[in-house]
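We count residues from 1, following the sequence as given. Predicted model only: the values in this text are computed from it and were never measured. These numbers come from the heavy atoms of this one structure, side chains and all, not from hydrogens, waters or symmetry mates.
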Amino acid sequence: MIKIANAPCSWGALEFDLEEKSEEIGFEQVLDEIKQTGYIGTELGDWGYMPTDPSILRKELQSRGLELLGAFVPIAFADQSKHEEGVNSALKVAELMSEAGYKNAFIILADDNGSVQQRTNNAGRITTKMGLSESQWQVYAQGTERVAKVVKKKYGLRTVFHHHCAGYIETPHEVEKLMSLTDPDLLGLCFDMGHYAFGGGNPIDGLQKHMQRIWHVHFKDFDPVVAEDSKSVHGDYFDAIKKGVFCELGKGVVDFKNVIKLLKDNNYDEWIVVEQDILPGMGNPKECALANRNFIKSLGL
């Protein structure tokens, strides 16, 4: 049975170092509102956002009847000198989740999104010239596998990779390339509908192509009108988010009805995590979370 969760990023708790961080909503309120709006799981969020003491973390989640599904770990994989630091970051997160009792949670790897100016400035309109060289691809893929191997060996946790705009794995070609260079038994794919669409792909096509690698799913919608508006003023990734490029589910172009059909047809019975990335202080996250949950219910989940 597919289970539905939400995540702190829907409340503006993002992994980026932003000026708006002072407006971030506390984790207690976020967990309360995730529960109140009908979700039964969450992800960890940026390191330090939720308690880093495993007993306290478990107590906070259990008191609300929530499951912990995974944690986002950004690493600049294109730079081999950053791999050791990345391994240590992933192990720190894996240790927390494991010791808190969440043995089925994922390490959700991603690029160090937002750190490369060209990729950040051109999110949603990446050209091949902005991509990795063949030697960089080898370094990148080896780095992801190294993390996955170490995490699995030490804590028994599985690892997925999250393609993401404003990083080096954004476009459909880049997602396919990374999957082709990595061991399908070692590294799964966290498939995000909104990022795949913003990166120039059709999520239905992406699902069909990568279904056997998809171990974790993010539900995010995408508004191409907002993306075009941001592009017209040469806006970067954060400008697009501020304008609302990741809209409420059902208000963008992602065909969630057929997404769900595809998942069910392929016997996907894991978690779907709703993510509506916003900047701290934007909108009314609780109302959006409730609207998103009701939309998914209307589609039979």
Side-chain angles (χ1 to χ4, degrees), residues 5-36 39-77 82-115 143-144 146-162 164 167 190 216 218 271 273-275 277-281 285 289:
N6 210 312
C9 60
S10 300
W11 277 258
L14 302 177
E15 70 275 12
F16 305 103
D17 186 17
L18 300 167
E19 291 180 7
E20 297 94 338
K21 280 278 188 182
S22 61
E23 297 182 65
E24 221 172 52
I25 298 171
F27 83 88
E28 299 96 332
Q29 181 181 339
V30 169
L31 292 181
D32 285 343
E33 294 184 358
I34 286 175
K35 175 69 173 177
Q36 291 162 7
Y39 301 89
I40 58 173
T42 187
E43 290 177 2
L44 189 66
D46 195 19
W47 178 261
Y49 178 69
M50 288 196 202
T52 55
D53 180 307
S55 60
I56 297 173
L57 176 63
R58 186 164 185 84
K59 181 180 177 182
E60 292 287 353
L61 293 167
Q62 281 193 322
S63 68
R64 297 168 175 86
L66 297 175
E67 191 73 19
L68 182 64
L69 317 176
F72 197 77
V73 180
I75 300 170
F77 285 111
K82 301 292 180 65
H83 288 191
E84 187 68 28
E85 179 186 349
V87 167
N88 293 333
S89 295
L91 286 174
K92 179 175 65 174
V93 174
E95 180 181 27
L96 172 62
M97 296 194 296
S98 179
E99 290 194 356
Y102 299 102
K103 305 291 188 180
N104 294 319
F106 289 109
I107 290 294
I108 304 170
L109 294 180
D111 202 348
D112 188 13
N113 304 306
S115 65
T144 64
R146 181 183 171 193
V147 172
K149 285 176 184 174
V150 172
V151 166
K152 187 174 185 179
K153 182 178 180 180
K154 190 159 187 179
Y155 295 106
L157 300 186
R158 294 188 298 164
T159 299
V160 291
F161 190 92
H162 186 323
H164 199 290
C190 172
H216 197 48
H218 283 176
W271 288 87
V273 182
V274 174
E275 290 192 339
D277 295 9
I278 60 170
L279 297 180

Would you say the side chain of [Y] lies within less than 4.5 Å of the side chain of [X], judging by non-hydrogen atoms?
X: Asp111; Y: His164; result: no
X: Trp271; Y: Glu67; result: yes
X: Phe77; Y: Lys82; result: no
X: Met97; Y: Leu68; result: yes
X: Arg146; Y: Glu84; result: yes
X: Leu57; Y: Thr52; result: no
X: Phe72; Y: Leu44; result: no
X: Tyr102; Y: Leu61; result: yes

Give a yes or no answer on whether the side chain of [X] reaches the backbone of [Y] with a donor-acceptor pair at less than 3.5 Å.
X: Tyr39; Y: Val273; answer: no
X: Ser63; Y: Lys59; answer: yes
X: His218; Y: Cys190; answer: no

Please report the shortest heavy-atom distance between [X] and [Y], naming the atom on each side.
X: Ala105; Y: Gly70; value: CB-N, 3.9 Å
X: Ser10; Y: Pro285; value: O-CB, 3.4 Å
X: Val151; Y: Leu157; value: CG1-O, 3.6 Å
X: Ile34; Y: Ala7; value: CD1-N, 4.3 Å
X: Pro8; Y: Val30; value: CA-CG1, 4.1 Å
X: Gly41; Y: Ala5; value: O-CB, 3.1 Å

**Request:** Could you check Met50, Arg64, Glu33 and say which one makes a side-chain contact (heavy atoms from CB on, under 4.5 Å) with Glu28?
**Result:** Arg64
**Item:** Full working for side-chain contact (heavy atoms from CB on, under 4.5 Å) between Trp11 and Asn6
**Value:** CA-CA 10 Å; Trp11 277 258; Asn6 210 312; 3.6 Å; yes
**Trace of the side-chain contact (heavy atoms from CB on, under 4.5 Å) decision for Leu109 with Val160** = CA-CA 6 Å; Leu109 294 180; Val160 291; over 6 Å; no
Roughly how far apart are [X] [atom1] and [Y] [atom2], rounded to 0.5 Å?
X: Leu69; Y: Asn104; atom1: CG; atom2: CG; result: 10.0 Å
X: Leu91; Y: Ser98; atom1: CG; atom2: OG; result: 11.0 Å
X: Ile75; Y: Ile107; atom1: CD1; atom2: CD1; result: 8.5 Å
X: Glu60; Y: Asp53; atom1: CD; atom2: CG; result: 10.5 Å
X: Phe106; Y: His216; atom1: CZ; atom2: NE2; result: 6.5 Å
X: Glu85; Y: Asp112; atom1: CD; atom2: CG; result: 9.0 Å

**Message:** Check the orientation of Phe27 and Tyr49. Use parallel for under 30°, tilted for 30 to 60°, and perpendicular for over 60°.
**Reply:** perpendicular
